[in-house]
Amino acid sequence: MALSLFENALKQFNKAADVMQLDPSMREALSLPKRELTVNFPVRMDNGSIKVFTGHRVQHSLTRGPAKGGIRYHPDVTLDEVKALAFWMTWKSAVVGIPYGGGKGGVQVDPSLLSDSEIERLSRRFFSEIQIIIGENQDIPAPDVNTNAQIMAWYMDTYSMNIGHSVLGIVTGKPVDIGGSLGRNEATGRGCRVCAEQAVKYLNDKGVINKPINKMTVAVQGFGNVGSFAALTSQQECGATIVGISDVSGGMYNSKGFDVADVIEYVKTNKVIKGYPKAEKVLTNEELLTLDVDILIPAALENVITQENADHIRAKIIVEGANGPVTPEADEILIKKGIFSVPDFLANAGGVTVSYFEWVQGLQWFFWDLDRIRQALHSILEKAFADVADCAERYKTDMRSAAYVVAIEKVAHATKLRGIYP
Ligand code: NAD
């Protein structure tokens, strides 16, 4: 029987726990979520009828700080999925060293079937329902699949109305005009670019490769928020040549490199990259993944590199922009092939890092300029990359297990320091 998402997450965790010989009682304490809340709540539809929806908020860990994680609206949301996503948020926050635990939420709903006003009423009611466990010092939600800045604005307003004053720190991913942060939009893609740059430096320093990033070719799968900014910043700031790009409409290749800003302009008007005129040839998404490039950035979907295609991957470095783009079986194949992977919860941690900056700015009602945000993001991710690479050497293990070890060490240490109450 196939493992559930949470069981899969535990499998990765246990592999790292074995590497670091984690004490069994700590293993148990860190495996289980601290709190799981399920709410069934009524929403008035536009035609006057009442529909009951089910939602969840899970707090996996609160040891290093308040829980942090998005809320998704999707018909397939389950408690098991939300638990797995909350669990990963704990390790993502810990690996980059920001003072958060892990949380996640979701409502079982297909938002494409609702009007804007129905989505607003659903959002306000759901947020009120979970208010018993959230708060700017307890648990700070954010956007995820099918939720956006407008929904964060409704959440912030709902909470503020219930409390009696404006509370900026209650959610992140808000519009900039009501306390959102500059640089949040580009943060995850920018984080991928920092990790790619660090990986190249590291492998050059170790003598594994002999090529600077500005002589390297890159393929990026997915041209949405993460993929487009990863491509843009890698090209404009690191001098890398982006030879392959793709999205849901297919892929394309240009041996001289795409002008990424120009492709972004094209997508603004045409929604997808299909039909972009300055390409040498059209590719399928499968062909894009197996291009002969130096760096591959899968930044679209989960499970795109599997045991079927892993052996055909020719990139030397993979920077996992998406969550879970490589299956565990494929991971073993890539490791054997000597491909250097920056795991998802490090490579895409730029988003949660700038969310943390948004929260800090909101708590202080004092806002930073873009340069300060970018500098702080770069230094956090550069340090996290170095910590994980050191750990991989220390334990003679792969980067994914090392990232878990770094994160687990921090949470386990904090748990020991705090002790058991009472
Ligand atoms: P997005 O919706 O902005 O973009 C997704 C892109 O993937 C689009 O270009 C879309 O066309 C493409 N795509 C969809 N189906 C595809 C397919 N079958 N083949 C190829 N491309 C396909 O989403 P995003 O915010 O960029 O998120 C991408 C991934 O990164 C997701 O796994 C998400 O969980 C993860 N992630 C995002 C953030 C963030 O801050 N946005 C943070 C952490 C992780």
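Read the numbers this way: they start at 1 and go in the same order the structure lists the ligands and their atoms. Remember, it's a predicted structure, so these values are computed and weren't measured experimentally. The chain is numbered in sequence order, starting from 1.
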Novice: Would you call E320 and R400 a salt bridge, taking side-chain N to carboxylate O under 4.0 Å as the test?
Specialist: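 A salt bridge links E320 with R400.
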
Novice: In the protein, what heavy atom is nearest to atom 11 (O) of ligand 1, and what distance, to one decimal place, separates them?
Specialist: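 Nearest neighbour among protein heavy atoms for atom 11 (O) of ligand 1, to 0.1 Å: V248 N, 3.0 Å.
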
Novice: For ligand 1, does N323 get within less than 4.0 Å through its side chain, its backbone, both, or neither, judged by non-hydrogen atoms?
Specialist: both

Novice: Salt bridge check: are K68 and D139 linked by an N-O gap of less than 4.0 Å?
Specialist: no

Novice: Is there a protein heavy atom at a distance of less than 4.0 Å from atom 23 (O) of ligand 1?
Specialist: no

Novice: Which residue owns the protein heavy atom closest to atom 37 (C) of ligand 1, what's the atom, and how far is it?
Specialist: V226 CG2, 3.4 Å

Novice: Given the protein's heavy atoms, is any one of them under 4.0 Å from atom 41 (N) of ligand 1?
Specialist: yes

Novice: Is R184 touching ligand 1 with its side chain, its backbone, both, or neither, if touching means heavy atoms under 4.0 Å apart?
Specialist: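 Side chain only.
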
Novice: Is a salt bridge present between K15 and D398, judged by a nitrogen-to-oxygen distance below 4.0 Å?
Specialist: yes

Novice: Do the charged groups of R184 and E358 touch, with an N to O distance under 4.0 Å?
Specialist: no

Novice: Indicate yes or no: does an N/O atom of G222 lie under 3.5 Å from an N/O atom of ligand 1?
Specialist: no

Novice: Where on L301 is there a heavy atom closer than 4.0 Å to ligand 1, on the side chain, on the backbone, on both, or on neither?
Specialist: side chain

Novice: Could you find the nearest protein heavy atom to atom 25 (O) of ligand 1 and give me its residue, atom name and distance?
Specialist: N225 CB, 3.7 Å

Novice: Does this structure show an ion pair linking R125 with E120, if we count only N-O contacts that are shorter than 4.0 Å?
Specialist: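 No.
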
Novice: For atom 7 (O) of ligand 1, which protein heavy atom lies nearest, and how many Å away is it?
Specialist: A300 CB, 3.4 Å

Novice: Under a 4.0 Å N-O cut-off, is there an ion pair linking R124 with D157?
Specialist: yes

Novice: To which protein heavy atom is atom 4 (O) of ligand 1 closest, and what is the distance rounded to 0.1 Å?
Specialist: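 I find the closest protein heavy atom is G224 CA, 3.2 Å.
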
Novice: Tell me which part of T188 gets within contact of ligand 1: side chain, backbone, both or neither, using heavy atoms under 4.0 Å.
Specialist: side chain

Novice: Write out the residue and atom name of the closest protein heavy atom to atom 21 (N) of ligand 1, then the distance separating them to 0.1 Å.
Specialist: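 Checking every protein heavy atom, the shortest distance to atom 21 (N) of ligand 1 gives D247 C, 3.3 Å.
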
Novice: Going by the order shown, which atoms of ligand 1 are within less than 4.0 Å of some heavy atom of N285?
Specialist: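 Taking each heavy atom of N285 in turn, ligand 1 has 19 (N), 20 (C) under 4.0 Å.
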
Novice: Anything under 30° is parallel, anything over 60° is perpendicular, the rest tilted; go ahead and classify Y100 against Y356.
Specialist: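 The arrangement is perpendicular - the two ring planes meet at more than 60°.
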
Novice: Between K51 and E118, does at least one N-O distance fall below 4.0 Å, as a salt bridge requires?
Specialist: no

Novice: Below a 4.0 angstrom heavy-atom separation, can you tell me which part of A299, side chain or backbone, both or neither, approaches ligand 1?
Specialist: backbone

Novice: Using 30° and 60° as the class limits, which term best fits the ring planes of F87 and W91: parallel, tilted or perpendicular?
Specialist: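 Geometry flag for W91 against F87: perpendicular rings.
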
Novice: Run the numbers for me: atoms of ligand 1, each under 4.0 Å from some heavy atom of A322, listed by number.
Specialist: 29 (C), 30 (O), 32 (O), 35 (C)

Novice: Within 45° of the axis and under 6.0 Å from the centre of the six-membered ring of F345, does NZ or CZ of K92 qualify?
Specialist: no

